[in-house]
Amino acid sequence: MTDRQRDLTWIDQRGQRARRAIQQVADEVDTGAMFDRVRDAPRRWVLPLVAVTATVAAVAIAMFVAVQPPVTVGGLDPVGGDRRAPAGLGADTSWWCPPATVALAEDAAIGNVELVSSRLSTVGEVRDWQGERIGDPTDDVPDADPGPQPWLEPLDADDPAVVCLFRGEFPAPGPGQFASFIMTPGEAPRAYQVMPGPLPAHDRHGPDGSVPLHDEPESGPTDWAPPATVVVPDVTGLTEVEARARLGDVGVAVIEFSHATDDPDEVGRVVAQSPGPGEYPARPPEGATVDQFTVVIEVGVMMGEDVSG
Amino acid sequence: MTVQVGSWLRETSIERGAFADFYAAEVRAVVGLAIALTGDVGVGEEVAQEAFTRAYRDWDRVGAYDDPGAWVRRVVANLSVSRWRRRRSERRATARLAARTPQVAAPNEPLDHAFWAAVRSLPRDQALAVGLFYVEDRSVADIAACMQRPENTVKSLLHRARARLADLLETEEPT
């Protein structure tokens with residue numbers, strides 16, 4: 001037995017002992033009283049007045065939307081490859097879609113739509129690219145910034161494959177600014193924007209299009225200058241250490257995912273990267289709320305490992 | 001169940017009876033998972049309660065799933081890592097515990113705080129996989145079904161998680 005196998009065996013034994021203790025503690029919890037609290041918890045009331053109010057609001061928004069220029073999102077590649085700043089962006093555009101790449105590997109982290117939207121609901125609407133409101137507006141929001149939350153989970157089992165990648169903290173946008181992040185359910189990416197103030201028109205054309213962004217007149221334009229570019233090298237085939245060094249040389253951050261493989265040549269090496277090699281805007285415009293350019297690499301891990309202990 | 005006066009939500013006895021059966025079958029395991037992932041009995045109890053509350057609210061939808069228990073466990077995992085929700089749970093747990101005599105007795109086997117702290121330091125998906133593996137002694141197939149991930153992905157998660165735990169925790173000779 002190798003040292004590593006001994007370590008894993010010891011971990012499994014320790015886990016089994018820990019389980020017994022946890023189960024003993026759980027047995028002591030008054031689950032009957034808990035059931036009463038579950039049953040008596042305040043309900044979400046479905047009121048005719050809410051339905052009427054929502055209908056009136058929808059009509060008002062539709063009338064407002066009808067007089068607005070079309071709103072669009074930046075160009076996105078469904079497979080997380082070549083993502084660039086939207087072609088239609090000009091000097092009067094105050095929003096920039098970062099090339100926040102989403103790993104589509106099976107073991108990629110997934111994003112918590114509800115949690116993010118409830119947190120951001122204090123600073124604006126969160127909508128998907130089709131203009132659909134997401135999240136539960138009745139959820140509580142934190143009094144203070146909870147800190148970096150790079151990986152989140154969906155709470156809705158109806159939409160379990162939403163994938164989200166954040167880079168560092170997610171600060172609230174200021175007036176005229178937009179924070180954007182990307183969630184990708186499986187193969188179909190969706191872009192989400194947080195927009196403070198009144199909702200713009202959302203005549204969106206789809207996540208893989210590139211159309212100009214509506215500039216919010218109430219907040220005023222933000223000067224946007226073409227950003228410096230970064231040339232992302234091809235790191236596929238390199239070891240993780242080599243890939244990190246190569247990407248670090250060009251000043252990008254790296255996030256690594258595991259990629260289960262049965263090819264021993266792929267173990268420990270980068271099997272995929274996103275975005276792919278190429279030239280990209282290096283920095284968001286001044287005033288934007290996005291962070292450093294990040295490349296996601298997938299490193300091969302041998303599948304079929306015996307984890308049963 | 002009786003209809004609450006003034007409630008718009010009329011409950012059917014059949015639906016709520018099904019929830020009660022579901023709750024009875026799952027509560028012990030879910031509470032154990034919540035305690036492991038939060039590191040605190042009171043907070044774990046609050047997290048488990050909130051997960052079941054959400055299931056109860058939406059039982060018409062959740063109850064129709066193939067595995068409502070998996071849904072509840074995913075909610076527990078989400079709530080366990082959400083800092084601000086944990087703070088809210090802590091406040092409620094503290095208020096409730098202050099009003100009554102603690103009922104949780106010391107376990108015959110001491111809680112391995114270092115082990116579970118190491119589990120909580122893992123990335124969320126690894127922590128959930130490890131929690132299901134060790135707390136509920138679930139198979140890889142069961143964990144994959146609960147997390148709605150392929151089995152190979154779960155194997156990869158568990159492999160990395162166990163290796164990370166071995167690195168984090170002081171190596172002891174197996175007993």
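Below, read A as the first sequence line, B as the second, and so on, with proteins coming before strands; counting in each chain starts at 1.
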Approximate separation, where rounding is to 0.5 Å, of [X] [atom1] and [Y] [atom2]:
| X | Y | atom1 | atom2 | answer |
| --- | --- | --- | --- | --- |
| Leu33(B) | Arg19(A) | CG | CZ | 13.0 Å |
| Thr31(A) | Glu45(B) | OG1 | CD | 9.0 Å |
| Gln49(B) | Asp36(A) | CD | CG | 10.0 Å |
| Arg28(B) | Asp27(A) | CZ | CG | 4.0 Å |
| Arg17(A) | Tyr134(B) | CZ | OH | 11.0 Å |
| Ile11(A) | Phe115(B) | CD1 | CZ | 6.0 Å |

May I ask you to decide if Phe35(A)'s main-chain N or O and Tyr23(B)'s side chain share a donor-acceptor pair within less than 3.5 Å?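 Here the side-chain-to-backbone pair exists.
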
Check whether more than 12 heavy atoms from other residues, nucleotides or ligands sit under 6.0 Å from atom CZ of Arg244(A), and answer yes or no.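 Yes.
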
Relative to chain A, which segment of Ala163(B) carries a heavy atom at a distance below 4.5 Å: side chain, backbone, both, or neither?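 Both backbone and side chain of Ala163(B) come within 4.5 Å of chain A.
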
Decide, yes or no, whether a salt bridge links Glu50(B) with Arg37(A) under the criterion of side-chain N to carboxylate O below 4.0 Å.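 Salt bridge absent between Glu50(B) and Arg37(A).
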
Pick from Gly44(B), Gly32(B), Ser139(B), Ala48(B) with the largest number of heavy-atom pairs that fall under 4.5 Å of chain A: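 Between Gly44(B), Gly32(B), Ser139(B), Ala48(B), the count favours Gly32(B).
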
